[in-house]
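Here's the structure, in structure tokens; my notes come after.
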Amino acid sequence: MKVLVPVKRVVDYNVKVRVKADQSGIELANVKMAMNPFDEIAVEEAVRLKEAGIATEVIAVSCGATACQEQLRTALALGADRAILVETDAAQAADLQSLAVAKLLKAVCDKEQPGLVILGKQAIDDDANQTGQMLAALLGWPQATFASKVVIADENGQMRATVTREIDGGLETLSIKLPAVVTTDLRLNEPRYATLPNIMKAKKKPMDVLKPAELGVDIAPRLTTLRVVEPAKRQAGVKVADVAELVAKLKNEAKVI
Ligand code: AMP
């Protein structure tokens, strides 16, 4: 069974993002980029399935500009067998929306016929939390989102995934037929680090480059971003001399007691 893992190039989670002066988006010039953290978890899960003898091949896919090759190489260093870059130009990459990505991934699935697609539950740049769900709908496949545990097994000749999901106040366990779409939550696993020998080996692993037009997909944006603004700054606090003053302020100024 092939496992497909879509990985997105996003601003590194350690970077403090800055909004552009014209409020059209965030500043990307000279900003450190990385693989979306939920996608590292997805790669790790797929590689563990291969190590367990359940997956036969792990394919990492990224949609966007040429620079996404960096994140694909990281996925290869973490254990993916090969990679596919669905390459757009830089302007298209800047506004590549979830629906367009889901359509591109559907076209890749039609070509590769994976038994399982594992995506991150959301990308930390746009927090859209849509691509996996849209992909499952386009494919007509079952989906289990926000997975904190995935067990794949053959049940009477039918491969199924038993997926535990973290929901408000508890855990939900679903059983879905493969092929299916699963999205990863934070606690699914702890991704390994890429070792130097594996980073070197990854340079020789195959990477195909496809264009959206070759896949017959229209990636034109459907949504318009009106503005992006920073959160309101917190007001400075005040120091109080004693508890009596604190209580008086809470009562008379904040009026919360
Ligand atoms: P989102 O719906 O944008 O929050 O993203 C959810 C997941 O979809 C990500 O964690 C990735 O696994 C996948 N994804 C989103 N955008 C891309 C992209 N441009 N290339 C590859 N995978 C993507």
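As a basis for the values below, the full set of heavy atoms in this structure was taken, side chains included, without hydrogen atoms, waters or symmetry mates. Remember, it's 1-based here, ligands and their atoms both numbered in the order they're listed.
- Counting heavy atoms of neighbouring residues, nucleotides and ligands inside a 6.0 Å radius, atom CZ of R227 does not exceed 12 of them.
- Heavy-atom contacts from other residues, nucleotides or ligands closer than 6.0 Å to NZ of K211 number more than 12.
- For the pair E44 (side chain) and R192 (backbone), a donor-acceptor distance under 3.5 Å is present.
- Atoms OG1 and NZ, on T131 and K103 in that order, are 13.0 Å from each other to the nearest 0.5 Å.
- The number of heavy atoms from other shown groups lying within 6.0 Å of NZ (K20) is above 12.
- Around the CD atom of E190, the shell of radius 6.0 Å holds no more than 12 heavy atoms that belong to other residues, nucleotides or ligands.
- Listed as neighbours of ligand 1 are P6, V7, K8, N36, D39, V61, S62, C63, S98, V101, L119, G120, Q122, A123, D126, A128, N129, Q130, T131, each bearing a heavy atom under 4.0 Å from the ligand.
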